[in-house]
Student: 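I have a structure I would like to understand better, so I am pasting it below and will then ask my questions one at a time.
FYI, side chains are in, hydrogens and waters are out, and symmetry mates aren't considered; it's all heavy atoms of this structure. Everything numeric here is computed off the predicted structure, so don't read it as measured data.
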Amino acid sequence: TSMSGLMHPLGEVVPGAKIQIVEGIGTAWTVWAAGDGLPVVAFGWGNVARVATEWRQRDSAAQIGILPDVGKEENAAKIAATVGASVACMPAGWPNNADLNDLAQREGMDAVRAVLASAAPPPAPEPRIHPLANFLSFDLTPRAPSWVLDGVIEEGVVVIAGMRGIGKTTTIAPLSLVAAGLHAFGDPMAPKAWRHVIYLTEHAAQVFRVLAGLVRFGGLGISEADVAERFHVVSTVRMQPEDVVSVASEYMAKFARVHRGVTLRPLVVFDTWSASFALESENDNSETGRAVACLKQRFEDMPVWIVAHMAKTAQGRSDVVNLSARGAGALEADTIQNLYLVHEGEGEDAKRFLSLKGKKRFEPKHGDEFEIESHHASVEALDAWGDTERTELRWNTLKPVAANRHTLKAEAKANEAKEAQTQLRAAILSRLDIARMTGEPL
């Protein structure tokens, strides 16, 4: 039989009297024996709010007290604030679910009466300022952008989209290491101060292989101890956006650091968007906009990189203006910066680039494109049975491109035409020389 809505007072009900709402019969008997108010049994904590609300509706003058078991104090305070009641809590040091009956058996009724006498209304909540009434101080002092990577990626929610097979993880994992201060000497993207990186991935083994290649064989002088301290890999779980952002306080408590008075919030990388956020339809602008809003408004202002797949209609294009991430347009429209991993050319002439030509709010310091350089190392590795086998470790690094891809392509064509013209001129001159020496007609 359901107990929902049930209650039972242990005595006569008098209007305006003092009542004590308790969870179970044992606690009710203890309160009755202490002689401090009329105990009312709610038959389970799930009924307490319902009983308190109904009692207040019946008797506006009643002095309502709520006596929570250990572990339910916070919820009791919320109920009390809603109905205008007081709360009396168990002494510190008792385990979860301990109640006044346990206290009476171990320490006697005087201890119970002391708890009942300590009853007090919950503290009044802090006045809440409506988010749209939080007016900012007027300030015309020029402010430089807050960088994750100097002159390349700003703080905020950023989308990095790439075509299938272009090497998103092998490029973005090393790129995020730069934010952690782990990079080649003189890297133009290096931030003024490092921050922790939290890398959420659907393929943790691949991320560790990328790190192993870069750190052990990249020749950059990166310390394995520094990587272990600053770079934190998490196997991502597909969750609702509200559940994803609920981890924010834990990330901030563990990994926010202060340098020269500036709080450096950890960089959080979602590799990939679809593996981390459970949306009924990735093409729904309302759902996608809600997810991005959660990251912007409820993720403790941590910088976020969203790794996304390129739209199918964009596969193979080299014109960045026409590129877009897969899914609803809100993913790119609601974020502060959009970057693209693209390729140019075929076969031996193929090159890959990270392009900053998408949406942004600043002028890049190092050009608007970086060429992706691939690296690999062939090493002996252990398999699941402890046997060794040869395996390849692959990782990518970036270098600024002096001119954009289209300029480079045009220059390459011009150079080819110039070379062909030079060869043709040489061939004509050679033929003229032969004709002069032999008397043969041209």
Student: Is it true that, when you exclude W45 itself, more than 12 heavy atoms of the residues, nucleotides or ligands shown sit nearer than 6.0 Å to its CH2?
Tutor: yes
Student: Just how far is it from atom CD of Q240 to atom OG of S246, taken to the nearest 0.5 Å?
Tutor: 11.5 Å
Student: Any side-chain heavy-atom pair from L103 and M90 closer than 4.5 angstrom?
Tutor: yes
Student: Sequence neighbours left out, what passes salt bridge (charged side-chain N to carboxylate O under 4.0 Å, His left out) with K359? Give chain and number order.
Tutor: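 Salt bridge (charged side-chain N to carboxylate O under 4.0 Å, His left out) list for K359, sorted by chain: empty.
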Student: Taking side chain as C-beta onward, heavy atoms only, is I166 less than 4.5 Å from R352?
Tutor: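 I166 reaches R352 side chain to side chain.
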Student: Using a 6.0 Å cut-off, check whether atom NZ of K365 has over 12 heavy atoms from anything other than its own residue.
Tutor: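 Result for NZ/K365: enclosed.
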Student: Can T236 and S276 be counted as having a side-chain donor-acceptor contact under 3.5 angstrom?
Tutor: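 Looking only at side-chain atoms, S276 and T236 do form a donor-acceptor pair, the distance falling under 3.5 Å.
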Student: Which is it for T272 and E202 under the side chain to side chain donor-acceptor pair (under 3.5 Å) test, yes or no, and what are the steps along the way?
Tutor: CA-CA 7 Å; T272 59; E202 55 189 326; 3.2 Å; yes
Student: Counting only heavy atoms not in E380, do more than 12 fall under 6.0 Å of its CD?
Tutor: yes
Student: What distance separates L331 CG from N283 CG, expressed to the nearest 0.5 Å?
Tutor: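 Going from CG on L331 over to CG on N283, the span is 11.0 Å.
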Student: Atom CG in L10, atom CD1 in I19: separation rounded to 0.5 Å?
Tutor: 12.5 Å
Student: If the condition is side-chain hydrogen bond (donor to acceptor under 3.5 Å, both in side chains), which residues does T27 pass it with, not counting sequence neighbours?
Tutor: D99
Student: Rounded to the nearest 0.5 Å, what separation is found between the NZ atom of K72 and the CD1 atom of I79?
Tutor: 10.5 Å
Student: Over 60° means perpendicular and under 30° means parallel, so tell me whether F270 and F299 are parallel, tilted or perpendicular.
Tutor: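 Geometry flag for F299 against F270: tilted rings.
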Student: Measure the shortest side-chain to side-chain distance between R216 and E224 over non-hydrogen atoms and say whether it is less than 4.5 angstrom.
Tutor: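 They are in side-chain contact.
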Student: Between R290 and E242, does any side-chain N to carboxylate O distance fall below 4.0 Å?
Tutor: yes
Student: Are any of the side-chain nitrogens in E54 or R50 under 4.0 Å away from the carboxylate oxygens of its partner?
Tutor: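 Between R50 and E54 there is no salt bridge, as every charged N stays at least 4.0 Å from the carboxylate O atoms.
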Student: Counting distance only, does the side-chain N/O of R56 pair as donor-acceptor with the main-chain N or O of D59 below 3.5 Å?
Tutor: yes
Student: May I ask you to decide if A42's main-chain N or O and N47's side chain share a donor-acceptor pair within less than 3.5 Å?
Tutor: yes
Student: Any non-hydrogen side-chain atom of L295 less than 4.5 Å from a side-chain atom of V157?
Tutor: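 Of all side-chain heavy-atom pairs linking V157 with L295, at least one is under 4.5 Å.
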Student: For D187, give me all partners under salt bridge (charged side-chain N to carboxylate O under 4.0 Å, His left out), at least two apart in sequence or on another chain.
Tutor: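 Partners of D187 by the salt bridge (charged side-chain N to carboxylate O under 4.0 Å, His left out) criterion come out as none, since no residue qualifies.
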Student: Please report the interatomic distance CG(L67) to CD(Q20), rounded to the nearest 0.5 Å.
Tutor: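 Answer rounded to 0.5 Å: 4.5 Å.
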Student: When you compare the side chain of F231 with that of L177, does any pair of heavy atoms fall below 4.5 Å?
Tutor: yes
Student: Is the backbone of K168 close enough, under 3.5 Å, to the side chain of T171 for a donor and an acceptor to pair up by distance?
Tutor: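 Pair absent, no side-chain N/O of T171 close to backbone of K168.
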Student: What pairs meet the salt bridge (Lys or Arg N to Asp or Glu O under 4.0 Å) rule with one or both residues in residues 325-339, with sequence neighbours excluded?
Tutor: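 For residues 325-339: E282-R326.
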Student: Less than 4.0 Å between a side-chain N and a carboxylate O, is that true for E155 and R195?
Tutor: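 E155 and R195: salt-bridged.
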Student: Under 3.5 Å, is there a donor-acceptor pair between the side chain of S118 and the main chain of V115?
Tutor: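 It does hold such a pair.
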Student: Using the side-chain hydrogen bond (donor to acceptor under 3.5 Å, both in side chains) criterion, which residues pair with R265? Sequence neighbours excluded.
Tutor: none
Student: With a 3.5 Å distance limit and no angle check, can you tell me whether H366 reaches the backbone of P188 through a side-chain donor-acceptor pair?
Tutor: yes
Student: For R390, I'd like to know if atom CZ has over 12 heavy atoms of other residues, nucleotides or ligands within 6.0 Å.
Tutor: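 Atom CZ in R390 is crowded, with more than 12 foreign heavy atoms closer than 6.0 Å.
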Student: Can we say K192 and D150 salt-bridge, meaning some charged N sits less than 4.0 Å from an Asp/Glu carboxylate O?
Tutor: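 So K192 does not pair with D150 through a salt bridge.
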Student: Who pairs with E287 by side-chain hydrogen bond (donor to acceptor under 3.5 Å, both in side chains), at least two apart in sequence or on another chain?
Tutor: none
Student: Can you tell if the side chain of M310 reaches within under 4.5 Å of the side chain of V342, non-hydrogen atoms only?
Tutor: yes
Student: Centre-to-centre under 6.0 Å for F255 and H232, is that the case here?
Tutor: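 Under 6.0 Å, so yes.
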Student: With distance as the sole test, does H130 use its side chain to make a donor-acceptor pair with the main-chain N or O of L132 at under 3.5 Å?
Tutor: yes
Student: I'd like to check the side-chain contact (heavy atoms from CB on, under 4.5 Å) partners of D139; sequence neighbours left out, ordered by chain and number.
Tutor: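 With sequence neighbours excluded, D139 shows a side-chain contact (heavy atoms from CB on, under 4.5 Å) to T141, R143, given in chain and number order.
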Student: Evaluate V304 against V158 for side chain to side chain contact (heavy atoms under 4.5 Å, CB included), listing each step before the verdict.
Tutor: CA-CA 6 Å; V304 170; V158 173; over 6 Å; no
Student: Salt-bridged, K18 to D36, with N to O below 4.0 Å?
Tutor: yes
Student: Quick one, D271 with W305, criterion side chain to side chain donor-acceptor pair (under 3.5 Å). Give me CA distance, side-chain angles, the key distance, then yes/no.
Tutor: CA-CA 8 Å; D271 183 4; W305 292 358; over 6 Å; no
Student: For the pair R238 (side chain) and S274 (backbone), establish whether a donor and an acceptor sit closer than 3.5 Å, ignoring hydrogens and angles.
Tutor: yes
Student: Do the side chains of P9 and P39 get nearer than 4.5 Å, heavy atoms only?
Tutor: no
Student: Could I get the full list of side-chain contact (heavy atoms from CB on, under 4.5 Å) partners for V379, not counting sequence neighbours?
Tutor: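 Once residues adjacent in sequence are excluded, the partners of V379 under the side-chain contact (heavy atoms from CB on, under 4.5 Å) criterion are F217, A377, T391, L393.
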Student: To the nearest 0.5 Å, what is the distance between OG1 (T169) and CG (L175)?
Tutor: 12.0 Å
Student: Using the side-chain hydrogen bond (donor to acceptor under 3.5 Å, both in side chains) criterion, which residues pair with W147? Sequence neighbours excluded.
Tutor: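 W147 satisfies side-chain hydrogen bond (donor to acceptor under 3.5 Å, both in side chains) with no residue once adjacent residues are dropped.
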Student: Which residues satisfy the salt bridge (charged side-chain N to carboxylate O under 4.0 Å, His left out) test with E154, sequence neighbours excluded?
Tutor: R361
Student: Do side-chain atoms of K360 reach the backbone of L356 as a donor and acceptor pair under 3.5 angstrom?
Tutor: yes
Student: Give a yes or no on whether the backbone of G71 and the side-chain of E73 come within a donor-acceptor separation of less than 3.5 Å.
Tutor: yes
Student: Mind jotting down which residue pairs meet the ring-ring contact (aromatic ring centres under 6.0 Å, His included) criterion with at least one end in residues 372-401? Sequence neighbours excluded, please.
Tutor: H375-W395
Student: Could you please spell out the steps behind the ring pair (Phe, Tyr, Trp, His ring centres under 6.0 Å) verdict for F353 and F370?
Tutor: CA-CA 5 Å; F353 299 86; F370 288 79; over 10 Å; no
Student: Just checking W29: does its CH2 atom have more than 12 heavy atoms from other residues, nucleotides or ligands closer to it than 6.0 angstrom?
Tutor: no
Student: With heavy-atom distances below 4.5 Å as the criterion, would you say the side chains of I153 and L339 are in contact?
Tutor: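 A side-chain contact exists here, since the closest heavy-atom pair is under 4.5 Å.
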Student: Which pairs, with at least one residue in residues 157-195 and sequence neighbours excluded, count as a ring-ring contact (aromatic ring centres under 6.0 Å, His included)?
Tutor: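 Qualifying pairs: W194-H196.
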